[in-house]
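In what follows, a structure is listed as structure tokens, so that the remarks can point back to it.
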Amino acid sequence: MKHITFIFTVAALICSCGRNIVSDIIPEPSEIHMAGGYFHLPDTLETGCPDSSFLSLDKAFKALVPDTEFRLNVSDKGGLTIRKQDGIAEGGYRMKVSRRGILIEAADYGGAVSATATLGQMVSDGRIPCCTIQDSPRFGWRGFMLDVSRHFFSKEEVMDLLETMASYKFNRFHWHLTDDQGWRIEIRKYPELTDNGAWRDPLAHNHDIICARIAESMEDPSYVLDHSKVVIRDGKEVYGGFYSQEDIREIVAYAGALGIEVVPEIDMPGHSLKVVESYPELSCGGVARWGKDFSVPLCPGNDGLLQFAKDVYSEIFSLFPFGYVHIGADEVEQTHWKTCPKCQARIKSEGLADENGLQAWFVKEMQAFFAANGKKLIGWDEIVSGGAPSEATVMWWRGWRPDTRTTAVENGHELIVSSSEFLYLGGEQDRNSLMKVYNWDPVADGLAGLEDKVLGIQAHLWAETVPTFANACNRIFPRLFAVSELAWSDPAQKDARHFNRRVLLHLRKLEEKGMNYRIPDLSGFCDVNVFADSVRIDVEKPFEDMTVRYTADGTIPRSSSPIYDSPLTISSNTTLHFRPYTSNGMPGDIFRAEYRKTSYMEPCTETGTDTLKPGLKADWYEFRGEACDSITHVPFNGSYVTEGVYIPEEVKGNIGLVFTGYINIPEDGIYSFYTYSDDGSYIRINGEMIVDSDGPHSRMERSGQAALKKGLHAFEARYFDHSGGILEAGFIMPDGRRRLFEAGDFLHTEGQSKTSPEI
Ligand code: ACM
Ligand code: ZN
């Protein structure tokens with residue numbers, strides 16, 4: 001394995017000619033210059049650390065550079081010297097590696113940990129290439145949130161996660177400790193919270209039932225409930241767990257040594273079923289149940305709630321030294337407050353406008369309490385409605401409510417960008433999900449000129465259907481690498497090819513550590529493939545030594561299915577399923593590839609009497625439906641001519657697009673096409689469905705092939721979406737590259753489509 005790493009490293013040095021960035025490091029450093037030669041790491045490295053406040057770096061070294069034992073002492077001498085130095089950007093560092101030794105300078109502890117992370121990533125075959133690095137972060141807040149309520153993660157798993165976070169220069173761990181499904185932190189004054197609230201019957205719990213079903217139907221061990229978290233209580237098996245205050249102190253101290261501040265979240269007044277179950281008097285109706293949209297909330301009309309919240313947060317303040325503490329305050333079911341006499345009395349006595357005002361009042365009371373205890377309150381972006389005090393920090397998560405982000409900034413709040421669209425890493429990954437995150441910019445997207453209000457960015461993992469640490473890692477990697485670059489690196493340095501190459505290398509590093517990740521796509525086929533007589537199927541794997549299993553009977557590949565180890569040849573209609581496995585036996589996505597025997601389509605001989613013009617004709621309909629074929633049944637907005645299949649800026653709102661014309665095929669051949677759309681899209685050629693991505697869905701790539709003779713073929717593409725969406729379409733080239741449709745691919749006749757308003 002080390003050998004492979006070394007080859008990658010050398011390749012990086014060679015292929016990056018013309019750039020001053022030559023590293024394999026994630027996130028990309030600001031500046032790195034290679035000097036030639038290596039520093040060979042001894043088994044034990046005497047490490048001089050003149051500033052004693054840096055001495056807990058020994059834990060960071062152990063975690064991030066495990067190859068060597070670093071013996072730290074308060075001195076200015078050693079094979080490695082780490083100095084505290086003014087004049088370096090906050091969180092940044094300078095590093096010089098020569099054949100004789102290493103010098104690291106940082107203005108603060110976080111910077112020294114980041115240098116350690118860089119060093120750890122540079123070690124290969126026991127040596128570090130000589131270089132000089134100057135590096136500093138784009139954002140001060142580089143966060144990751146783990147939900148330990150919906151499923152519980154052990155102290156050891158949290159510590160593993162912290163090490164990985166530090167390795168990718170994340171410095172805030174947001175710990176979602178409580179929610180409707182589990183209370184995970186010992187609160188001494190309210191022991192029932194964990195006595196009752198940390199445990200559940202997995203056979204009766206919706207999330208656990210869903211996971212068990214997936215584990216079975218998909219043969220995916222990462223969905224099997226983690227039995228180390230099942231215990232016998234009162235003769236019954238229950239699932240769960242919680243952190244004692246001792247555990248919390250230990251984790252917080254370890255995070256601190258890794259340069260990570262821990263932000264605890266105790267979610268109130270919604271998401272609190274576990275409180276209501278144990279202390280029903282703190283809710284409006286006294287019954288723990290589900291409301292219209294969310295769970296029954298706590299009752300801000302009840303003075304007892306304020307006391308409870310203050311008691312709980314007082315214990316939290318004593319456990320978590322960081323200045324920021326999260327109160328949640330998202331997704332509150334206010335309908336219960338409308339009918340609660342205590343809540344209504346509070347609205348009246350405080351002169352509040354409505355239930356939104358009541359929510360804001362609760363947040364304000366808590367903010368004052370936090371401030372009196374020297375803490376800053378963070379809330380989800382719901383705290384903006386009703387008017388939270390400007391001292392509160394807003395975590396903007398609702399990607400579909402960009403107005404709350406803008407209002408937060410206008411109202412003077414600090415902002416942490418946590419867009420559900422780009423930074424919620426729990427959702428399904430596919431071929432495009434990594435680059436979707438990498439290509440996004442958290443500031444350019446709606447916050448240009450307001451950087452000074454943005455503390456930073458944070459990614460999230462909600463754990464409703466994440467029953468194991470392996471499953472968690474499968475969701476977050478490799479996207480967490482992209483988040484790491486967004487949070488740390490200069491966006492002007494973005495280079496997708498360079499990033500993708502590094503991603504493969506870092507996935508191998510995760511695998512070496514026994515950590516799971518989403519295996520990059522298999523390629524070499526479309527969703528629907530065609531052939532004339534027979535076809536040789538040559539599946540490309542992301543890593544040559546990766547095991548791929550397959551089936552030809554329509555079932556999913558299982559660990560007992562045949563191994564694909566050489567190209568297959570077929571000569572009749574067949575549907576194959578392929579599935580890659582990591583060396584740790586974890587399965588990846590299942591790829592379905594349909595193969596259809598077909599004959600070549602003849603080109604059109606009749607293209608109408610009008611002269612053919614370049615491009616496609618596009619018709620825009622005011623469409624609110626959910627199927628491409630229904631688009632033409634609704635009011636028509638206008639038409640335009642386009643060079644490709646995409647959404648022009650002028651086309652907004654409820655969109656149904658129908659593109660028609662002829663595709664110009666240069667020579668007989670089998671051509672591969674794709675669409676990447678949110679929502680539905682399709683491509684038909686000569687009336688035949690070639691790419692079918694119809695129906696409502698999030699961003700998704702679909703592909704298909706057509707056997708086409710040279711000449712013009714009738715082309716039609718359709719697309720719909722209700723709020724902007726995304727649409728790309730084009731060819732898949734023989735080397736797998738996607739090439740958007742462009743000028744020259746199409747012709748159309750002027751009379752081919754509707755004649756109403758030009759857009
Ligand atoms: C959230 O996702 N409810 C903050
Ligand atoms: Zn109430």
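First listed ligand is number 1; within each ligand, the first listed atom is number 1. Sequential numbering from 1 along the given sequence is applied to the chain's residues. Just so it is clear, the structure is predicted and the values come from calculations on it, not from any experiment.
In this structure, CZ in R401 is found 8.0 Å from OG1 in T407, a value given to the nearest 0.5 Å.
None of the N, O or S atoms belonging to H336 lies under 2.8 Å away from the Zn ion (ligand 2).
No donor-acceptor contact under 3.5 angstrom links the side chains of S278 and E192, judged on distance only.
Taking a cutoff of 4.0 Å between a charged side-chain nitrogen and a carboxylate oxygen, R518 and D589 qualify as a salt bridge. Using a cutoff of 4.0 Å between basic side-chain nitrogens and carboxylate oxygens, D441 and R138 are scored as salt-bridged.
Taking distance alone, with nitrogen or oxygen atoms compared against 3.5 Å, D330 approaches ligand 1 more closely than that limit. At least one N or O atom of E331, backbone or side chain, sits closer than 3.5 Å to an N or O atom of ligand 1. Taking any N or O of W380, backbone or side chain, none lies under 3.5 Å from an N or O belonging to ligand 1.
Side-chain rings of Y324 and W141 approach one another, their centers coming within less than 6.0 Å.
Atoms of ligand 1 found under 4.0 Å from any heavy atom of W462, numbered from 1 in the order shown, are 1 (C), 2 (O), 4 (C).
Side-chain contact between W361 and R346 is present, with at least one heavy-atom pair separated by less than 4.5 Å.
Closest to atom 2 (O) of ligand 1 among all protein heavy atoms lies Y424 OH, 2.7 Å.
With the Zn ion (ligand 2) as the vertex, SG of C343 and SG of C284 span 110° to the nearest 10°.
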